[in-house]
2 protein chains.
Amino acid sequence: MKKEKKAPVCEVEIVDEKKVAQAQKKIADTEQVLEMAEIFKLLGEPTRLKIVLSLINSELCVCDLAAAVDSNVSTVSHQLRLLRNARLVKYRKDGKMVFYSIDDKHINDAIEKIKEHTEE
Amino acid sequence: MKKEKKAPVCEVEIVDEKKVAQAQKKIADTEQVLEMAEIFKLLGEPTRLKIVLSLINSELCVCDLAAAVDSNVSTVSHQLRLLRNARLVKYRKDGKMVFYSIDDKHINDAIEKIKEHTEE
DNA sequence: CAAACACTTGCACATTTGTTCAAATGTATG
DNA sequence: CATACATTTGAACAAATGTGCAAGTGTTTG
């Protein structure tokens with residue numbers, strides 16, 4: 001009887017099936033994992049992280065935000081758009097000025113979601 | 001007396017100096033902000049986030065990790081290097097196999113650091 | 001209604017990044 | 001010591017990303 005030849009590459013062969021299954025369960029909800037990654041990615045860029053941190057205490061207009069994070073209005077505005085889309089920040093218009101602030105509600109939801117995945 | 005001409009671009013002009021100063025204080029420790037961003041960035045990529053989540057329950061070898069996150073050994077190994085360098089994961093060698101696991105100690109430190117910056 | 005201003009947007013560009021292939025390393029085993 | 005195997009590493013490449021300029025939008029003000 002010919003001995004079964006093993007698959008040549010590791011990708012096909014699993015060492016501990018049980019542990020792999022357990023791990024896969026952790027990341028089964030692909031959409032949620034991608035959402036988490038998206039949030040981390042947004043905070044993972046210095047300019048954006050500085051913007052978010054700057055907004056923790058008080059709302060700021062784009063102009064002041066640019067000064068605070070030592071960048072320029074255009075760059076900050078571009079990054080604010082990304083943060084806005086992900087609802088990490090919200091804004092309020094007042095005449096020709098726009099005041100940005102943390103979108104607490106949505107951020108807290110995000111943190112909860114991450115905790116669920118992380119804890120235990 | 002000639003009236004002082006205002007700077008033409010917003011970058012130079014600050015609307016609310018007090019709020020800007022307060023914001024700048026939040027991000028004064030540049031090095032720490034960059035460290036935080038680095039961690040977020042690492043978790044902000046789907047493959048890497050999946051790897052980290054997979055390791056929460058148990059240590060896994062590179063081979064099983066690749067199977068769990070549905071990627072291949074080479075890609076996973078590359079990403080593990082980044083996670084290793086940031087000390088988000090640690091490893092243990094056993095013969096020709098390498099078992100990776102979460103570097104709890106270092107991750108907890110990181111979480112603390114982030115909390116400090118975030119809370120209040 | 002023209003000028004000033006705060007902000008946004010489109011474009012272009014350099015840089016960074018994730019992935020894959022192929023080759024290299026290191027370890028066990030016959 | 002040759003072979004098999006798990007993992008790492010280097011090179012190459014396409015794709016994604018952050019930034020800055022210049023032009024555009026919308027709002028206030030004289």
Side-chain angles (χ1 to χ4, degrees), chain A residues 3-16 20 34 37-38 40-51 59-86 89-100, chain B residues 3-16 20 34 37-38 40-51 59-86 89-100:
Chain A
K3 199 168 131 202
E4 192 69 30
K5 201 161 116 199
K6 285 200 174 183
V9 273
C10 188
E11 320 162 36
V12 190
E13 196 199 337
I14 291 177
V15 177
D16 188 332
V20 171
L34 293 181
E38 184 61 25
F40 282 133
K41 178 187 252 173
L42 284 167
L43 298 176
E45 201 280 319
T47 305
R48 281 193 302 262
L49 181 58
K50 284 185 206 161
I51 291 175
E59 64 173 18
L60 287 171
C61 65
V62 179
C63 178
D64 283 356
L65 218 26
V69 306
D70 192 31
S71 182
N72 63 71
V73 174
S74 175
T75 298
V76 168
S77 184
H78 276 301
Q79 303 296 11
L80 280 170
R81 182 165 50 83
L82 300 178
L83 294 172
R84 234 162 47 210
N85 290 345
V89 304
K90 58 191 200 303
Y91 63 99
R92 167 178 82 81
K93 289 193 177 179
D94 183 5
K96 57 189 169 188
M97 303 189 56
V98 181
F99 290 93
Y100 281 86
Chain B
K3 201 168 129 201
E4 191 69 29
K5 202 161 114 197
K6 285 199 174 183
V9 273
C10 189
E11 320 162 36
V12 189
E13 196 198 336
I14 291 177
V15 176
D16 188 331
V20 171
L34 293 181
E38 185 61 26
F40 282 133
K41 178 186 252 175
L42 285 167
L43 298 177
E45 202 279 319
T47 305
R48 281 191 304 260
L49 181 57
K50 285 186 206 162
I51 291 175
E59 64 173 18
L60 288 169
C61 66
V62 178
C63 178
D64 283 357
L65 217 27
V69 306
D70 192 32
S71 181
N72 63 71
V73 174
S74 175
T75 297
V76 168
S77 183
H78 275 299
Q79 302 298 10
L80 280 170
R81 182 167 49 84
L82 300 178
L83 294 171
R84 234 163 46 210
N85 289 346
V89 303
K90 59 190 199 301
Y91 64 98
R92 168 177 82 81
K93 288 193 179 181
D94 182 5
K96 56 187 169 189
M97 304 191 53
V98 181
F99 289 94
Y100 281 86

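Chain letters run A, B, ... following the sequence lines, proteins first, then strands; residues in each count from 1.
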Check the phosphate of [N] against [X], side-chain N and O only, distance under 4.0 Å to OP1 or OP2. Yes or no?
X       : N       : result
N72(B)  : dT20(C) : yes
T47(B)  : dT19(C) : yes
Q79(A)  : dT17(D) : no
T75(B)  : dT19(C) : no
Y100(B) : dT8(D)  : yes
R84(A)  : dT8(C)  : yes
R48(B)  : dT17(C) : no
R81(A)  : dC7(C)  : no

Q: Could you tell me whether a side-chain N or O of R48(A) sits under 3.5 Å from a main-chain N or O of Q79(A), the two making a donor and an acceptor?
A: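 It does not hold such a pair.
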Taking atom [atom2] of [N] as reference, at what distance in whole Å does atom [atom1] of [X] sit?
X      : N       : atom1 : atom2 : answer
L49(B) : dT17(C) : CG    : P     : 17 Å
L60(B) : dT7(D)  : CG    : C1'   : 15 Å
L65(B) : dT8(D)  : CG    : P     : 10 Å
E13(B) : dC5(C)  : CD    : P     : 8 Å
I14(B) : dA6(C)  : CD1   : P     : 13 Å
Y91(B) : dT27(C) : OH    : P     : 12 Å
K41(B) : dT15(C) : NZ    : P     : 15 Å
E59(B) : dT7(D)  : CD    : C1'   : 16 Å

My understanding is that only residues two or more places apart in sequence, or in another chain, count here; which of them pass side chain to side chain contact (heavy atoms under 4.5 Å, CB included) with [X]?
X      : result
S77(B) : none
D70(A) : none
K41(A) : none

Q. With sequence neighbours excluded, what pairs up with R81(B) under the side chain to side chain donor-acceptor pair (under 3.5 Å) test?
A.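 With neighbours one apart ignored, the set is empty.
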Q. Among all residues two or more places apart in sequence or in another chain, which pass the salt bridge (charged side-chain N to carboxylate O under 4.0 Å, His left out) test with E59(A)?
A.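 Per chain and number, E59(A) pairs via salt bridge (charged side-chain N to carboxylate O under 4.0 Å, His left out) with R92(A).
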Q: Return the 5'-most residue of the pair E45(A), L80(B) with respect to DNA chain D, ranking by each residue's nearest nucleotide.
A: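 This one resolves to L80(B).
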Q: Classify the ring geometry between Y100(B) and Y91(B) as parallel (under 30°), tilted (30 to 60°) or perpendicular (over 60°).
A: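 The arrangement is tilted - the two ring planes meet at 30° to 60°.
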(Q) Tell me whether the count of non-hydrogen atoms from other residues, nucleotides or ligands lying under 6.0 Å of CZ in F99(B) goes above 12. (A)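 For F99(B), atom CZ is crowded (more than 12 foreign heavy atoms under 6.0 Å).
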Q | base_contact_polar (dG20(D) base, H78(A) side chain, donor-acceptor, <3.5 Å) | A |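 A donor-acceptor contact between them is present.
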Q. Nearest of dT17(C), dT8(D), dC7(C) to any side-chain atom of S77(A)?
A.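 The closest nucleotide is dC7(C).
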(Q) Generate the contact string for nucleotides 22-30 of chain D. Rules: B means base contact, S means sugar-phosphate contact only, - means no protein heavy atom under 4.0 Å. (A) B----SS--
